[in-house]
Amino acid sequence: MIRQPIHRRIDPKRRANLDHKKQQFATPTYKQQEYPNRLNFYDVPPTAEITLEQFEQWAIDRLKGMMLIAKTILVTNSRIIVLAEIETCSYRNKTPEETEAHINPLLQKNLPLFANTSSAAGASDQKLKDERQKDHYSHFILRLAFSATEDLQRRFVRAETMLFKFRFQKDDSRERRAFIESLNLDWQAVGEDERLELGDSLLNATPGGRRLDRLDEEPWYKVDWERVPELVERRAVYLKKGKAYVPAREQLSVILAEFTARLERALKLTSRALPRLDEDDRLTPILNHLSKNFGSAESVYSEDEGVIEGAPITAASIDHLSQHFPLCMRSLHTTLRKNGHLKHFGRLQYTLFLKGIGLSLEDCLIFWRQAFRGYTDDEFNSKLRYNVRHAYGDVGGDANRRGRGYPPYSCQRILNDTGPGTGQTHGCPYRHFSVDNLISLLQSTGVHDKDVLRGVREDVEKTRYHIACNRVFEWANKADIKRVKEDGTWSQSDLDTIVHPNTYFKRSYLLKNLGNPPKDEK
Amino acid sequence: MPHSVSSNDLPEQDGDDILPDAPPAEIASDSGKEESDVENRKMGIKLEDMFSDDEEDQDFPHSNVNIESSPPPDAVPTSVPTPSKIDTDAMLAFYQRLFPFRSIFQWLNHGIIPSSDFRNREFALTLQNDAYLRYQSYATADQFSKEILKINPSRFEIGPEYNANPRDRKTLRGGQLKPVSKELVFDIDLTDYDDVRTCCAKANICEKCWAFVTMAIEVVDTALRDDFGFEHIMWVYSGRRGAHAWVCDQRARQLPDDRRRAIASYLEIVRGGDKSGKRVNLKRPLHPHISRSLDILKPYFARTTLVDQDAFLSSEQAERLLALLPDKTLNDALRKKWESAPDRPSASKWTDIDALAKAGISSTLNPTALKDAKLDIVLEYTYPRLDSEVSKKMIHLLKSPFVVHPGTGRVCVPIDGRHPEEFNPLTVPTVTELLSEIDAWDANQHSQNVPADAMDGEGSIANDSDARGARKLQDFEKTSLKPYIDRFRSFIAGLIKAEKSNKRERGEEETASGPDAMEF
């Protein structure tokens, strides 16, 4: 009875599907995967068997690589800047030292992927095959692990795209071309006549077009502009009636968009199939474990981290405490005090920060009520109160999901969000102010040291905004930092580069109040 | 009793469903009409008084929507309801007699037969007590007009079409309600020009500074058509100090957020806030979009910035101009010259730059740098300033065309994108004007003793319904709203036509590319 043939259990009504159902239990016929190219678009899932240990280890190795990328983004502080930098450098056949220095050793160690040329035997070398197989499998394992929530999906797609981009750029041009050809992208070549007709427009629209002056030598392609959003966003491509005119050397953008699009689509499908995996009690714990690891990579900052136990933080003490605020929040505070008003995004950024330092909702409401001095109670209640409560998660949306509102913004978030427009004050002064205005703002907060100011200028020029901010922090807390280093009360990790305004505040506050309250850093 | 529906018989009336084609619920009496005319005039005066102070919603732009993607609240009852500035009765009369429900339906539905394009579309209503009611949706044009009449909102906004009916969102698992399509929208607001306009500030506008909106429309419209290939672009006056663009092409409606962001950023040139210093920083050679925009903007700069706004008149203004020029020696010479002639007009100051440069005052002067800087200045003072947040997200809500701006009473009418310079915001009709136009027309007809007219006032409650009989004027046709509604209708006709041929093409494509659909 137990060994009842499987097909007996099938509902008679669904008998029409019998063949189809049967397939699920049939002996699979595997397609043997070949890896002729170093790069992979991951269109075909792996089908060979691997052991569970391999499963977990490969996935972890890949994750390490990706976490590092995530961290690198954080440290270079802005993905867009990294992208732009990599892009610029690629014209000059140079790779950004920072990214490379960070990622390369790790990739070599955990996820090596060599080009065909690295081996005498070419693509048929067994070592290369193994590498590529590992790359391929680990990718699909993580797909499983990260398809669960949309947030994970988004971050996974981003990190994978970065990884792909990094490798794509390091690939040698011949193999890259072979790889592109294998993709069968639908590109329409721009004819000779049209190219001449567009002439200058084409060259003016495309960075490097003038310098290379290769209008005739290089093939140009017409694609729907939606396929090269990155080029459109930077205004680095010629557009005409919905078509983007892309020179061959800008293929990267197209291919990345394609890579992202395909991966996004595939993850959506995977997420639908995921519930079926629940029955497998071997895989599910591993997958959960993996996605948890990734979860810690980006959100290095936990909600309560900025709160200092026992510190007196009330609406009335903000003015005094603002000496510990990073420049972005100080600038918001000063503007607020000066104008009695802040625009929406400024309020949001500042409210979340205040929440992060431990200001209670009640106090926060008192703070804003007093700050908007030109407003009547009615105006305040109808225009502002709700936003503050919303930021604290007190109102809005689905009560079960809103949790405690939004987390305080990190530097990365502040740097990458839309910068301030006319009359707006949010954002990061190091990034969004002109250098002269930045320097005078710094001076107004008491930074007069010439070396520091010069350093800040240089950092900003190199778009290393967080370094500039940390430079100012270190200068302002020089003596105390020296002390805690010498007496060994703070370890090096307590003095890591600051990448969150709330960390800035907490560290500054603790340094200035050494020995006063019992400190519980970390 | 034409439009002055007294508030106490309101519930009765909408309880009984004013169906577009149903006979009127009330019969007008002549005496009632006269009374209401008097009321009208009174109301007009009252409104005028109220319009003067209305600058506090400058910070409002949809701030309750654009924070992250978490669903904002359904209704936000504010603790102190502020009275609406437009009489609720006038609003109701406007919805009953003038608002083109059926056209709005066709516009969003892309056809006559009700489809999910309309059914799953979110509407967000601002109630008379300023509460905000989100996730409303309507199955048909009739239901749409019925519910709006029932609630009588002070205004309402249009959001995206969702993958399910937004009213059912609570029955869906968390996060299952996804936006699937919305027009690509742009928002131009004159408050963003406060640093380059001198005639008005904040919410106030005049014909002089409206020129900024005109040039913005011209530049953006051209780019959307020539560069991105969009065809169905509708510009709408926002009711006070700006304009909205609705790009309705199917291709535009389906753009995901990152593509919207790409367009917004492509169009954005003036970047940064008050403290950012030079706000136009462009690579050379100039991108064709920018050279073309400059060609459009140069005449405006000469007329608006240099003359109408006289933007470099004061010494602070001139100082800002100098800060944008590259050569110190030249700047010193200019400063000296201008200090000796304090009232020198901006146009002369602008020509002084080239005159002194040519005179060879500075030996360090780089002519190319100066030329580039001057072009950057033209852009900084005239290039469109878009509120890019509005364009970047599909879920962003935008005020519907033809609603009434609660502060000014003006109707959000379409602007002819091909001839934006013909549009004058100060002559846009207000609700009160429109309602008195109907009364005036009716009175006129009455005095001429046209018998059919007695019934006309109520028959046209369904202003969009097919005219019964050969020639029964709908209420909007009696008013200055007519040309605007005509323009809207012809826009919709073009859109629906394109939609039909699109569908046909798509149908063919689907069969042709059958195997390819299995690609992954």
Side-chain angles (χ1 to χ4, degrees), chain A residues 43 150 200-201 203-205 207 210 225-226 229-230 232-236 238-243 262 265-266 269 331 341 343-344 348 377-379 381-383 385-387 390-391 395-398 400-402 406 418-425 427 429 432-438 441, chain B residues 56-57 59-61 63-64 66-68 70-73 76 78-82 130 170 174-175 191-195 223 225-230 251 255 258-259 261-266 270-278 283 285-291 385 387-389 392 519-520:
Chain A
D43 276 341
E150 272 201 37
D200 269 3
S201 301
L203 290 179
N204 287 346
R210 272 283 172 222
W225 75 264
E226 288 96 332
E230 199 220 343
V232 174
E233 191 161 348
R234 288 190 290 122
R235 219 180 296 116
Y238 178 68
L239 294 181
K240 191 182 167 193
K241 293 281 171 208
K243 293 280 182 197
R262 288 194 194 185
R265 215 159 44 204
L269 289 177
S331 146
H341 185 267
K343 289 218 173 191
H344 173 77
L348 186 62
D377 279 346
D378 283 357
E379 281 169 333
N381 285 337
S382 70
K383 292 183 202 312
R385 191 183 185 81
Y386 184 84
N387 283 160
H390 194 229
V395 282
D398 179 344
N400 297 322
R401 286 194 300 129
R402 69 176 172 241
Y406 307 129
T418 317
T422 311
Q424 294 182 318
T425 339
H432 298 119
F433 280 25
S434 72
V435 176
D436 292 339
N437 285 331
L438 170 66
L441 176 65
Chain B
E56 66 283 0
D57 75 337
D59 203 9
F60 185 76
S63 49
N64 31 10
N66 51 19
I67 323 160
E68 299 281 338
S70 89
V76 187
T78 48
S79 39
V80 185
T82 43
D130 264 5
K170 295 232 161 110
T191 35
D192 291 330
Y193 288 78
D194 278 355
D195 62 323
R225 286 178 202 276
D226 294 357
D227 295 356
F228 292 96
F230 297 129
R251 196 172 165 190
L255 290 175
D258 62 334
R259 307 297 192 278
R261 197 183 62 219
I263 296 194
S265 154
Y266 179 88
V270 185
R271 293 200 165 126
D274 312 331
K275 298 257 175 71
S276 317
K278 195 165 183 288
K283 277 181 276 190
L286 290 176
H287 188 277
H289 161 63
I290 298 171
S291 350
R385 297 166 176 214
D387 180 354
S388 61
E389 292 305 310
K392 286 178 185 168
E519 191 185 14
F520 48 92

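Computed from heavy atoms alone, side chains included, the values below leave out hydrogens, waters and symmetry copies. In what follows, every chain begins at residue 1, and chains take the letters A, B, ... in the order their sequences are listed.
The greatest number of non-hydrogen atom pairs below 4.5 Å with chain A, out of B:Lys278, B:Arg251, B:Arg385, B:Lys392, is found for B:Arg251.
The nearest pair of heavy atoms linking B:Ala262 to A:Pro229 is CB-O, 3.5 Å. Nearest heavy-atom pair, B:Pro288 versus A:Ser201, reported as atom, atom and distance to 0.1 Å: CG-O, 3.4 Å. What you find for A:Arg235 and B:Arg271 is that their closest heavy atoms are NH2-NH2, 4.2 Å.
Looking only at side-chain heavy atoms (C-beta outward), B:Asp226 and A:Lys240 stay at 4.5 Å or farther from each other.
Heavy-atom distances place the side chain of B:Ser388, and not its backbone, under 4.5 Å from chain A.
Here the CD atom belonging to A:Glu226 is positioned 10.5 Å from the CG atom belonging to B:Asp258, to the nearest 0.5 angstrom. Distance check: B:Asp227 CG to A:Trp225 CH2 gives 11.0 Å after rounding to the nearest 0.5 Å.
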